[in-house]
Number of protein chains: 2
Amino acid sequence: MSKSNREPTTDWREARRRSAREAIVGAAWDLVHEEGLAALSLRDLAGRAGITTPTVYAYFDSKNAIYDAMFGRAATEFADWMTQPQEAAEPTAVLVSHARRFVEFCTSDVARYQLLFQRTIPNFEPSAESYEPAVRALDTARAYLALAEVTQPKHLDLWTALINGLVDQQVSNDPGGERWTRLLEEAVAMFLAHARTAPAVQGPRSKPRDRGARR
Amino acid sequence: MSKSNREPTTDWREARRRSAREAIVGAAWDLVHEEGLAALSLRDLAGRAGITTPTVYAYFDSKNAIYDAMFGRAATEFADWMTQPQEAAEPTAVLVSHARRFVEFCTSDVARYQLLFQRTIPNFEPSAESYEPAVRALDTARAYLALAEVTQPKHLDLWTALINGLVDQQVSNDPGGERWTRLLEEAVAMFLAHARTAPAVQGPRSKPRDRGARR
DNA sequence: GTCTATAGCTGGATAGAC
DNA sequence: GTCTATCCAGCTATAGAC
């Protein structure tokens with residue numbers, strides 16, 4: 001950051017350093033894919049990366065810093081994957097495709113899903129920079145929903161709950177299967193039938209409705 | 001089990017033994033509520049229970065056996081809570097109340113939710129006996145859905161995904177708040193509007209539809 | 001930057017006296 | 001059954017030579 005380019009050599013070194021960091025993060029993901037997210041240890045990581053434990057500390061301040069770098073890579077993959085251009089044009093098809101991408105992203109790598117979307121590592125919270133790409137992806141969902149005439153914030157929340165609920169049940173109760181993910185198109189249809197017909201904004205009505213009709 | 005009542009003293013001892021086990025499990029839950037589910041250690045547990053580590057092994061074979069006992073207690077609480085008699089009679093109201101109970105159960109104790117419904121403890125899987133009460137609760141949901149004329153198995157799956165998705169988003173992204181749980185009644189209405197009008201069974205149609213309409 | 005060596009700690013689990 | 005004492009394995013992290 002500070003004292004950036006007094007010499008051009010600085011860039012080489014920075015590049016090599018970043019490359020080495022990336023290699024360590026890659027080894028960390030390899031290990032986690034085989035042993036599970038919670039089974040990451042610096043010993044194993046160093047062995048996998050062909051270095052020793054102290055060398056790891058030459059690139060990362062702590063174990064949580066490694067988790068953060070892993071989170072950052074996963075978040076970037078997520079944003080890239082979710083913002084790829086859509087083939088379909090019709091809003092419903094776009095939403096189905098978008099949700100399908102999310103499902104595939106999550107179910108194809110459960111450890112990545114756990115790190116990104118569940119808070120399962122004790123004492124770890126992603127830094128703001130690592131988190132930023134995930135926000136971008138959520139903006140895409142918001143835009144696609146708007147194309148389908150779904151604009152209320154609460155409906156974006158309902159959307160994320162619905163799609164994420166399918167994924168969560170899938171990975172928790174039928175890992176590797178499709179018991180819940182096959183319901184995705186039906187779920188999107190259900191959601192759109194509801195959100196499209198809902199009143200655009202909670203108007204200045206005195207009460208939402210009479211209580212008898214709700215219960 | 002075997003050699004049960006050769007002496008009446010046996011019952012006393014069994015009762016005291018079970019009582020001591022329950023006390024340890026209670027201390028384990030206290031500790032987990034304060035430190036987090038993954039932070040359970042036998043040292044801390046023994047200290048909390050006023051005993052020493054070896055004594056814990058007089059009642060449980062391993063740490064996972066303690067998790068299993070914790071799981072069993074949580075599953076029983078869950079079944080008791082979810083099968084309490086309903087005040088409402090109208091099917092929709094019953095379903096809303098049932099789902100509300102689920103949400104309250106989960107959000108009121110996140111550690112319990114994690115142990116029961118997410119697989120976050122490595123190398124731990126609940127025994128069949130500990131798991132049994134949870135199945136009973138799911139049967140209740142099935143029955144309530146049937147009262148609302150929702151009988152297809154896939155709709156039970158969609159139901160669990162939807163309600164659990166709300167809970168998951170709530171505890172993951174807005175712990176202590178109500179950003180997602182407040183959408184529960186709307187979610188139930190959305191679900192019923194869909195599941196009630198859906199054809200009862202996937203008929204012997206040749207193709208779901210022409211492909212152009214889908215994408 | 002990378003290594004050897006190790007500190008310092010915490011974990012689950014056990015031996016053996018009482 | 002309960003204790004004291006301890007084992008042994010694993011972990012993160014650091015010191016210091018090169």
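Lettering follows sequence order; numbering is per chain, from 1.
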Student: Would you sort out whether T120(A) and T120(B) count as a side-chain hydrogen bond (donor to acceptor under 3.5 Å, both in side chains), showing the intermediate values?
Tutor: CA-CA 7 Å; T120(A) 176; T120(B) 175; 3.1 Å; yes
Student: Please answer whether the main-chain N or O of L184(A) pairs with a side-chain N or O of R100(A) as donor and acceptor at a distance below 3.5 Å.
Tutor: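 No, because the side chain of R100(A) does not come within donor-acceptor range (under 3.5 Å) of the backbone of L184(A).
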Student: At 4.0 Å (heavy atoms only), tell me whether R17(B) reaches a base, stays on the sugar-phosphate, or touches nothing.
Tutor: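 If one applies the 4.0 Å heavy-atom cut-off, R17(B) turns out to touch the sugar-phosphate alone, with no base involved.
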Student: Considering just the side-chain nitrogens and oxygens of S41(B), establish if one lies under 4.0 Å of OP1 or OP2 belonging to dG11(C).
Tutor: yes
Student: 5' to 3' on DNA chain D, which nucleotides open and close the contacts with chain B (atom under 4.0 Å from a heavy atom)?
Tutor: dG1(D) to dA5(D)
Student: Hey, does L40(A) reach any base, or is it just sugar-phosphate, or nothing, if we go heavy atoms under 4.0 Å?
Tutor: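 The residue L40(A) makes sugar-phosphate contact but no base contact.
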Student: So, for P133(B) and A79(B), which heavy atoms are closest and what is the spacing to 0.1 Å?
Tutor: O-CB, 3.5 Å
Student: Tell me if a side-chain donor or acceptor on R112(A) pairs with a main-chain N or O of F105(A) at a distance below 3.5 Å.
Tutor: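 Indeed, once roles are kept as given, a pair shorter than 3.5 Å links the two residues.
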Student: Centres of the H194(B) and H155(B) rings: under 6.0 Å?
Tutor: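 Centroid distance H194(B)-H155(B): below 6.0 Å, so yes.
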Student: Closer to the 5' end of DNA chain D via nearest nucleotide, is it K63(A) or T53(B)?
Tutor: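 Closer to the 5' end of DNA chain D: T53(B).
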Student: May I ask you to say what I66(B) touches in the nucleic acid, namely base, sugar-phosphate or nothing, with a heavy-atom cut-off under 4.0 Å?
Tutor: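 Touches nothing.
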Student: From CG of L45(B) over to P of dT10(C), roughly how many Å is that when rounded to an integer?
Tutor: 17 Å
Student: Taking CZ from F60(B) and C1' from dG12(C), how many angstroms apart are they, rounded to a whole number?
Tutor: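 Rounding to the nearest Å, CZ of F60(B) and C1' of dG12(C) are 16 Å apart.
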Student: If I take atom CZ from residue F102(A) and atom OG1 from residue T107(A), how far apart are they, to the nearest 0.5 angstrom?
Tutor: 10.0 Å
Student: Is it true that R48(A) and D30(A) have a side-chain N and a carboxylate O under 4.0 angstrom from each other?
Tutor: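 Salt bridge between R48(A) and D30(A), a charged N being under 4.0 Å from a carboxylate O: no.
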Student: Roughly how many Å is it from OH in Y57(B) to P in dA13(C), rounded to a whole number?
Tutor: 3 Å
Student: Salt bridge or not for D139(B) and R142(B), using N-O below 4.0 Å?
Tutor: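 R142(B) and D139(B): salt-bridged.
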Student: Round to the nearest Å and state the distance from L42(B) atom CG to dA13(C) atom P.
Tutor: 6 Å
Student: Using a heavy-atom cut-off of under 4.0 Å over every strand shown, decide if T52(B) touches base, sugar-phosphate, or nothing.
Tutor: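 Contact class for T52(B): base.
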Student: Okay, side chain of R119(A), backbone of E125(A): is any donor-acceptor separation there less than 3.5 Å?
Tutor: no
Student: Under a 4.0 Å heavy-atom cut-off, which of residues 24-32 of chain A touch DNA chain D?
Tutor: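 Those residues: none at all.
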Student: Taking atom C1' of dC9(C) as reference, at what distance in whole Å does atom CZ of R43(A) sit?
Tutor: 12 Å
